[in-house]
Enquirer: 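The structure's right below; bear with me while I get my questions together.
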There are 2 protein chains.
Amino acid sequence: METCCDMRGFLTFIVLRLLSKKPMSGEEIREELKKRKGSKPSSGTIYPCLKMLAENGFIEEISRSGKLKRYTLTKKGQAELKRATRQFVRIFYDMKEEYR
Amino acid sequence: METCCDMRGFLTFIVLRLLSKKPMSGEEIREELKKRKGSKPSSGTIYPCLKMLAENGFIEEISRSGKLKRYTLTKKGQAELKRATRQFVRIFYDMKEEYR
DNA sequence: GTTTATATATCGGACACCCAACATTAGACC
DNA sequence: GGTCTAATGTTGGGTGTCCGATATATAAAC
């Protein structure tokens, strides 16, 4: 094994973050993740994730343009993102120095 | 479900980060994680993790004081941490604003 | 309306992550 | 040496995360 730290497990957090900035569709989120991570999550990853978030009231469909189904955060989703962000900062507060 | 984003999957990354700053033992790492996350990883979590990292040459035992077995990063571990940190920053570059 | 392309959705399974419980080791103290 | 305590180590299993393959829906092009 040449690498560790594959950084799984933050997909829902990243999705909430992206949707908090602007409404996005599954495809748009996949594209954004490709830019950031280098690899595009499969459709079998992103749509179940969106479905789960919607079913639990964190996000909701806001518009449909063409085939694109865009989501945005609900109040509950905003609260969850806030909570998760606090947690994130508590864990990684010393990452600050890495951003430059 | 009231929360999502449980932020699993970053344990090895966090461990490498901690060990890059100073040698630490399993117990010391558990304590530090309790401070940051609020919950202490179980011994069945931390020791297999350290074992895996050691077996793959990312960390090595550096000293033994009392029962404490302290580890530090190897060259390979430093390289992996650097790679993972780049990845992390690429994904979360826009978290910058959250640190204040 | 048929074909084509693209976005969305579902399903099964592989693997990773972590915990709880239990077992072992090593030093401290007598 | 014997006992106690704390750190380390091991095992089994539950759950989460993600992928690849497959299926469906939608709109555009013709």
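Remember, predicted model here, so these are calculated numbers, not experimental data. Just so it is clear: chains get the letters A, B, ... in the order the sequence lines come, proteins before strands, and each one is counted from 1.
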Enquirer: May I ask you to decide whether A/Lys67 forms a salt bridge with A/Glu27, counting only side-chain N to carboxylate O separations under 4.0 Å?
Expert: no
Enquirer: For A/Tyr47 and D/dT26, what is the distance between atoms OH and P respectively, to the nearest whole Å?
Expert: 14 Å
Enquirer: What string of B, S and - do you get for nucleotides 19-30 of chain C, 5' to 3', when a contact is any protein heavy atom under 4.0 Å?
Expert: BBB----BS---
Enquirer: With a 4.0 Å limit, can you tell me whether B/Lys51 has a side-chain N or O closer than that to the phosphate oxygens OP1/OP2 of D/dT10?
Expert: yes
Enquirer: OP1 or OP2 of D/dA7 sitting under 4.0 Å from any side-chain N/O of B/Ser25?
Expert: no
Enquirer: A/Glu61 has an atom CD; how far is it from atom P of D/dT26, in whole Å?
Expert: 11 Å
Enquirer: Are A/Phe92 and B/Phe92 close enough, and set up right, to give a ring pair (Phe, Tyr, Trp, His ring centres under 6.0 Å), and what steps lead you there?
Expert: CA-CA 11 Å; A/Phe92 293 112; B/Phe92 294 111; 7.6 Å; no
Enquirer: So, B/Glu61 and B/Arg70, do they make that salt bridge, N to O below 4.0 Å?
Expert: no
Enquirer: Could you work out, with salt bridge (Lys or Arg N to Asp or Glu O under 4.0 Å) as the rule, every residue matching B/Lys76, not counting sequence neighbours?
Expert: A/Glu2
Enquirer: Measure CD/A/Glu27 against P/C/dA7 and give the value in whole Å, please.
Expert: 5 Å
Enquirer: Would you please say whether a donor-acceptor pair under 3.5 Å links the side chains of A/Thr3 and B/Arg83?
Expert: no
Enquirer: Determine, for A/Lys35 against A/Glu32, whether the closest basic-nitrogen to carboxylate-oxygen distance falls under 4.0 angstrom.
Expert: yes
Enquirer: Could you tell me how far apart A/Arg30 (CZ) and D/dG20 (P) are, to the nearest whole angstrom?
Expert: 10 Å
Enquirer: Give the rounded distance in Å between these two atoms: CG of A/Leu11 and P of C/dC17.
Expert: 15 Å
Enquirer: For A/Lys69 and for B/Gly9, locate the closest nucleotide of DNA chain C by heavy-atom distance; then report the residue assigned to the nucleotide nearer the 5' terminus.
Expert: A/Lys69
Enquirer: Measure from CZ on B/Arg70 to P on D/dA7 and round the result to the nearest Å.
Expert: 11 Å
Enquirer: What's A/Leu50 touching, base or sugar-phosphate or nothing? Going by heavy atoms closer than 4.0 Å.
Expert: nothing
